[in-house]
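Following this message is one structure expressed as structure tokens.
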Amino acid sequence: MKDIIRRQAVALGFDVFGVSGVDAPVRRDYFEKWLADGKNGSMEWLARNNEKRLYPAELFPGARSIVVVGVNYFQPYPEKNYKIARYALGADYHNFLFKRLKKLCATMRELGGEQRPCVDTAPVSEKSIGAHSGIGWQGKHTVLINRTHGTWLLLGLVFTTLELEPDLPEPARCGSCRRCAANCPTGAITAPYALDARRCLAYLSIEHEGAIPPEFRVAMHDRVFGCDACLEVCPWNRRAQATREAKFSPKPLPENLRDTLSWTTAAFDEVFAGTPIKRLRLDRWARNVCVVLGNTGNADDLPALQKVAGCENALLAEHAAWAIARIKLKSK
């Protein structure tokens with residue numbers, strides 16, 4: 001059965017495949033202390049349903065195995081004067097990976113199983129389970145690392161009542177390397193295998209709805225959506241190959257960030273339709289644009305920023321004022 005499922009996963013375009021038991025260890029003590037210390041920031045959903053998150057067997061009663069698949073999303077950045085995290089350059093992976101998982105579930109149903117697929121759609125510790133399935137290990141930045149694809153994998157899980165032989169967990173292979181922590185712009189990797197989301201630019205630029213803390217704005221530099229800094233420096237990426245998944249091909253991006261400050265919600269939704277960026281919504285996009293322009297912009301960007309600084313949205317007005325002051329300071 002496992003070989004049949006593996007072959008179907010490869011046929012569906014998945015690059016890695018592994019099987020874990022439902023008793024996978026998920027760093028319970030670390031996670032509970034992480035929550036108690038407030039390191040989840042405003043991601044309150046991470047404090048809910050933890051009887052399932054911390055005990056995977058509770059998510060789908062009757063499950064005997066967890067199939068873990070992953071797809072490589074690595075590709076070079078488009079030639080722009082700003083950066084968007086690589087996973088978000090093309091189509092939203094949640095949508096098309098979930099559809100493929102459902103096709104994989106159909107194969108597993110023919111083998112007599114009942115299934116529940118997950119692509120960030122359930123309280124699941126995907127990285128810990130992925131590590132237990134043998135497809136990689138959690139690096140010191142907490143991201144899963146695969147020996148072939150490095151850090152560039154997006155994961156999908158299928159809980160199944162089929163009893164499949166589990167794969168052996170991959171041993172941690174980071175050794176004494178600490179490049180990820182040394183290269184984090186904000187010091188969000190506070191210790192090996194420990195991340196403070198409140199300092200992470202990926203969290204601040206995507207999940208966080210409030211102001212970008214002033215002490216992290218310069219570190220944000222040209223990152224308008226997400227951050228790949230800790231991933232880029234991982235030595236295991238030396239083997240990484242460009243993705244073969246066409247849906248990750250970059251969508252057309254705005255040539256100039258300042259022009260996006262005049263967008264309506266409809267214009268934003270049209271440009272980023274079908275991508276992860278659309279979930280950001282216009283206000284947070286404009287907030288991030290103001291910070292990036294403050295770091296990388298020049299006098300040509302001031303009129304657009306001044307218009308935002310005079311708007312009724314206090315959050316955007318403050319970020320635009322910060323950007324204006326920073327551009328003027330750099331021009332002295």
Item to check | Residue list, ring pair (Phe, Tyr, Trp, His ring centres under 6.0 Å) with Trp322, at least two apart or on another chain | outcome: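 Residues passing ring pair (Phe, Tyr, Trp, His ring centres under 6.0 Å) with Trp322: none at all.
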
Checklist entry - Is Leu204 close to Met220 at the side-chain level, that is, under 4.5 Å between some pair of heavy atoms? => result no

Checklist entry - Under 4.5 Å between any side-chain heavy atoms of Leu104 and Pro117, yes or no? => result no

Next on the checklist: Is the shortest side-chain heavy-atom distance between Arg198 and Phe216 below 4.5 Å?
Outcome noted: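 They are not in side-chain contact.
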
Item to check | Residues in ring pair (Phe, Tyr, Trp, His ring centres under 6.0 Å) contact with Tyr203, at least two apart in sequence or another chain | outcome: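 If we apply the ring pair (Phe, Tyr, Trp, His ring centres under 6.0 Å) test to Tyr203, skipping adjacent residues, the hits are His208.
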
Next on the checklist: Restricting to side chain to side chain contact (heavy atoms under 4.5 Å, CB included), what partner residues turn up for His221, sequence neighbours left out?
Outcome noted: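 Result, side chain to side chain contact (heavy atoms under 4.5 Å, CB included) vs His221: Arg223, Asn295, Thr296.
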
Checklist entry - Does the distance from a Lys or Arg side-chain N to an Asp or Glu carboxylate O, for Asp92 and Arg279, drop under 4.0 Å? => result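 Salt bridge: yes.
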
Item to check | All pairs passing side-chain hydrogen bond (donor to acceptor under 3.5 Å, both in side chains) where residues 308-318 contributes a residue, at least two apart | outcome: Arg217-Glu318, Asp283-Asn313

Item to check | Which residues share a salt bridge (charged side-chain N to carboxylate O under 4.0 Å, His left out) with Arg238, sequence neighbours left out | outcome: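 Arg238 satisfies salt bridge (charged side-chain N to carboxylate O under 4.0 Å, His left out) with no residue once adjacent residues are dropped.
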
Checklist entry - Does one side chain, of Glu207 or Ser42, offer a donor that lies under 3.5 Å from an acceptor on the other? => result no

Checklist entry - Hydrophobic clusters join Ile, Leu, Val, Met, Phe, Trp and Tyr when side-chain heavy atoms are under 4.5 Å apart, directly or via other members; which others share one with Trp236? => result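 Same cluster as Trp236: Trp137, Ile145.
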
Checklist entry - With sequence neighbours left out, what residues match Ala122 under side chain to side chain contact (heavy atoms under 4.5 Å, CB included)? => result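 For Ala122 the side chain to side chain contact (heavy atoms under 4.5 Å, CB included) partners, ignoring immediate neighbours, are Leu59, Arg116, Cys118, Val124.
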
Item to check | side-chain hydrogen bond (donor to acceptor under 3.5 Å, both in side chains): pairs with one or both residues in residues 267-277, sequence neighbours excluded | outcome: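 For residues 267-277: none.
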
Item to check | Residue list, ring pair (Phe, Tyr, Trp, His ring centres under 6.0 Å) with Phe248, at least two apart or on another chain | outcome: Phe96

Checklist entry - Would you call Asp15 and Arg244 a salt bridge, taking side-chain N to carboxylate O under 4.0 Å as the test? => result yes

Checklist entry - Partners of Gln115 by side chain to side chain contact (heavy atoms under 4.5 Å, CB included), sequence neighbours excluded? => result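 In terms of side chain to side chain contact (heavy atoms under 4.5 Å, CB included), with neighbours along the sequence ignored, Gln115 is linked to Cys105, Met108, Arg109, Val158, Thr160, Leu162.
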
Checklist entry - What side-chain hydrogen bond (donor to acceptor under 3.5 Å, both in side chains) pairs are there with at least one residue in residues 172-195, not counting sequence neighbours? => result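 Only Glu170-Arg173 qualify under side-chain hydrogen bond (donor to acceptor under 3.5 Å, both in side chains).
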
Checklist entry - By ring pair (Phe, Tyr, Trp, His ring centres under 6.0 Å), which residues pair with Tyr73, not counting sequence neighbours? => result Trp152

Item to check | Side-chain donor-acceptor pair present, Ser331, Asn298, cut-off under 3.5 Å | outcome: no

